[in-house]
Amino acid sequence: MTDTDVMNIAKKRGFLWSSFEIYSGVAGFFDYGPLGAILKNNIINKWRRYYVVREGFYEIESPTIMPGEALKASGHVDHFTDPMTECKDCMEVYRADHIIRDAIDKDVEGLENQKLTEIISKNKIPCPKCGGHLSHVWSYNLMFQTLIGAKGKKTGYMRPETAQGIFIPFKRLLRFFRGKLPFGAVQVGKAYRNEISPRQGVIRLREFTQAEAEIFVNPSNKKHSRFSAVADQTLTLFPAENQVKEAGTVKVKAGDAVQNGIISSEILTYQLCLAERFLSELGIPDEALRFRQHLPTEMAHYAIDCWDVEVKTDRFGWIEIIGIADRTDFDLKSHSQYSNEDLRVFIEYDEPKTLKKVVAKPDMKKFGPMFKGNSPKVKYALEEVDAGTVQKSFEDEGFFDVEVEGEVYKLTPDLVGFEEKTETIRGEKIFPHVIEPSYGIDRILYSVLLHAFRNDGERAYLKLPVDMAPVSVSVFPLVNKEELAEIAHEIRDNLRLKDIISEYDASGTIGRRYARSDEIGVPFAVTVDHETLEDKTVTIRNRDDLKQVRVPLKDVYNILRSLLTGEKRFEDLDA
RNA sequence: GCGGUUGUAGUCUAGUCUGGUUAGGACUUGGGCCUUCCAAGCCUACGACCCGGGUUCAAAUCCCGGCAGCCGCACCA
């Protein structure tokens, strides 16, 4: 299996190690070894080029420990849980709501634990396995809890997603972006989930890295200004409808997907396209990618539309590596409520709206003598009432009663005048909607390794994209002779001074060195041989086809640089 | 979290049933020899009984507990 081969290389050559090994390890935690750490940074930096540089979203960094209130507002304290029950006899543990649903065919999602416990005991629901008694229902919260401060009075949690760290300083962000939608902010960092039983290597971690963008948009305008740039891009979609009908995926052009209403908005579709380009630059082939729409039942209740980018793996099947959701205004609204801060945005109309309306104008010269000290109150009360109602009452009854603090005052037409007024409304305050692409970096790194792996029987190697490979250049002396070794060392040191990560290797035969170098995906190898001594040329070898070209020593850096930036391809070099 | 199963160098493995030499081999890795382009050969070195208790004169081996991996179930807002 590819997974086995890749994980072997990852472990052996320093990409991924399970953590705390000398203490026999803890499930759900992984170390990035020397090469893994570089690869991860390469992926993240490419992500930044996509989202921060090209999209113009800015990156922020917020704490990984969050106070309870913030996660109460986001819903994680109450809802990021599973209701659990345990059989008192055989100790088997179950999801309480699933037990009930299976036993009495009733959907009890969202009920409190006490209610669930009651339902179980009232209906005498037994353990499905041994028939024993089930315990009371408790909530298993997937967040790691901790205490903040010396006295530990304040409950804190390790953040379960980086997104909340962007919603919370929304007012500051809005000010930074000078009050105008749309804008986006991103965060790259660790998030934590205390999974019940993580057993899928780097696929389900208890501590993992997310790269998330939160894009704030006007709910009434989910178009995208650069949509035309992606409209012709073909996406492999797996819409909810097809999943239900057990039909397959469909290939659709982005523009058509919006037109046909398969994807709910331009801006969401644009994000799908962006994700696809990103992954394909990481070397993940199109046929191993699909966009799966969430079924209405699995979608969080606040989302309108949500698409997972899934990648095909030999061991785990299709796994989610990116989630792209329209989260609507749920988060901002909720934080607004809990914090009493106005997290709305003022949207100015294209044209101010003018409203013509009739207002009642009390004649204060007459009000004063008549109502004495109460006249201001009567005036305010009158202004509260719709002027039309007053007018109508005058016509029908000849008077109008206003009630102020329990007392009724009779107004007659001679006390009140009417005036037509035009009011200008320049805009309104709204909660923006949030479009959220959320990348699981660890899973992406795994996918990159998985799909870079090649084994043609002769050799096993990682065909990593040139800008992803942790080590860019290997430098070898053809044979282990002092004169050759010296030049090879110089070349390596010179490349390092110019920011190209390179390694020297003189151990074993030349073939073994190439093999070692290929195994970790080094795209190019420079070999110093006897000819170098005569005419100051070296060979550059291409990892993917084993071909070599001879180039002048003085040009080595420039050539490698242009190969590594993608300016030139190896095939275009003069042989 | 439950049940089954497995833990010997970086990797694969012998030894465990039936307790008893210095825990053996292969590959890998480091050093050297040889070598004019793709894991060759020779010499040499480093490197292991998952952890903790117990039984015993003696434990890699038997017993108990823990941890981890794998498989199945469950779980994955």
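A heavy atom closer than 4.0 Å to some atom of RNA chain B occurs in V479(A), N480(A), these being the qualifying members of residues 479-487 of chain A. Sorted by residue number, the list of members of residues 7-18 of chain A with any non-hydrogen atom under 4.0 Å from RNA chain B is empty.
If you measure from atom CG of D456(A) to atom P of C38(B), you get 15 Å, rounded to the nearest angstrom. The distance between atom NE2 of H530(A) and atom C1' of U35(B), rounded to the nearest whole Å, is 14 Å. Remark: C1' of C38(B) and CD of E458(A) are 10 Å apart, rounded to the nearest angstrom. For the pair F476(A) CZ and A39(B) P, the computed distance is 13 Å after rounding to whole Å. What separates CD of Q200(A) from P of C73(B) is a distance of 13 Å, to the nearest Å. Taking atom CZ of residue R204(A) and atom P of nucleotide G69(B), one finds them 14 Å apart after rounding to whole Å.
Across all strands shown, A68(B) forms a Watson-Crick or G-U wobble pair with U6(B), both key distances being under 3.5 Å. In a base pair of the Watson-Crick type (N1 to N3 plus N6-O4 or O6-N4) or a G-U wobble (N1-O2 and O6-N3), with each distance short of 3.5 Å, G1(B) is matched with C73(B). Remark: C34(B) base-pairs with no nucleotide; criterion is Watson-Crick or G-U wobble with both hydrogen-bond distances under 3.5 Å. Across all strands shown, C62(B) forms a Watson-Crick or G-U wobble pair, both distances under 3.5 Å, with G54(B). In this structure, C17(B) forms no base pair with any nucleotide, since neither Watson-Crick nor G-U wobble geometry is met with both distances under 3.5 Å. Across all strands shown, C12(B) forms a Watson-Crick or G-U wobble pair, both distances under 3.5 Å, with G25(B).
The line from CZ of F570(A) to CZ of R541(A) is 9.5 Å long, rounded to the nearest 0.5 Å. Note that CZ of F216(A) is 11.0 Å distant from CD1 of I435(A), once rounded to the nearest 0.5 Å.
The list of salt bridge (Lys or Arg N to Asp or Glu O under 4.0 Å) pairs with a residue in residues 205-216 of chain A, not counting sequence neighbours, reads K190(A)-E207(A).
With hydrogens and angles disregarded, no donor-acceptor distance shorter than 3.5 Å links the side chain of T527(A) to the backbone of T539(A).
Note on R513(A): every side-chain N or O is 4.0 Å or more away from OP1 and OP2 of U29(B).
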Side-chain donor-acceptor distances from residues 466-495 of chain A under 3.5 Å, at least two apart:
| unit_1 | atom_1 | unit_2 | atom_2 | d |
| --- | --- | --- | --- | --- |
| D467(A) | OD2 | K46(A) | NZ | 3.0 |
| S474(A) | OG | S517(A) | OG | 2.8 |
| H489(A) | ND1 | A485(A) | O | 3.2 |

Using a 3.5 Å cut-off and no angle test, enumerate the donor-acceptor pairs between side-chain atoms of residues 439-457 of chain A and protein atoms at least two apart in sequence or in another chain.
| unit_1 | atom_1 | unit_2 | atom_2 | d |
| --- | --- | --- | --- | --- |
| Y439(A) | OH | Y51(A) | OH | 2.6 |
| D442(A) | OD1 | T209(A) | N | 2.7 |
| D442(A) | OD2 | Y32(A) | OH | 2.6 |
| R443(A) | NE | I203(A) | O | 2.7 |
| R443(A) | NH1 | E320(A) | O | 2.7 |
| R443(A) | NH2 | I203(A) | O | 2.9 |
| Y446(A) | OH | D3(A) | OD1 | 2.5 |
| S447(A) | OG | R443(A) | O | 2.7 |
| H451(A) | NE2 | K312(A) | O | 2.9 |
| R454(A) | NH1 | H451(A) | O | 2.9 |
| R454(A) | NH1 | A452(A) | O | 3.4 |
| N455(A) | OD1 | G457(A) | N | 3.0 |
| D456(A) | OD1 | E458(A) | N | 3.0 |
| D456(A) | OD1 | R459(A) | N | 2.9 |

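With hydrogens and angles ignored, no donor-acceptor pair closer than 3.5 Å exists between the side chain of Y23(A) and the base of C67(B). Donor-acceptor pairing under 3.5 Å, judged by distance alone, is absent between the side chain of E195(A) and the base of C75(B).
Ionic pairing of D308(A) and R292(A) is present here: one or more N-O contacts between side-chain nitrogen and carboxylate oxygen are shorter than 4.0 angstrom. Under a 4.0 Å N-O distance rule, the pair D572(A)/K568(A) does not qualify as a salt bridge.
K72(A) places none of its side-chain heavy atoms less than 4.5 Å from the side chain of T155(A). Considering only heavy atoms from C-beta on, F291(A) stays 4.5 Å or farther from I263(A) through its side chain.
Taking every heavy atom of both residues into account, N242(A) and G248(A) meet most closely at ND2-O, 2.9 Å.
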Steps toward salt bridge (Lys or Arg N to Asp or Glu O under 4.0 Å) verdict (E519(A), R543(A)): CA-CA 10 Å; E519(A) 192 179 43; R543(A) 174 196 66 201; over 6 Å; no
Check nucleotides 41-52 of chain B against the protein and report each pair of N or O atoms closer than 3.5 Å, with its distance, or say if there are none.
none

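Comparing the C1' positions of A9(B) and A23(B) gives an interatomic distance of 12 Å, to the nearest angstrom.
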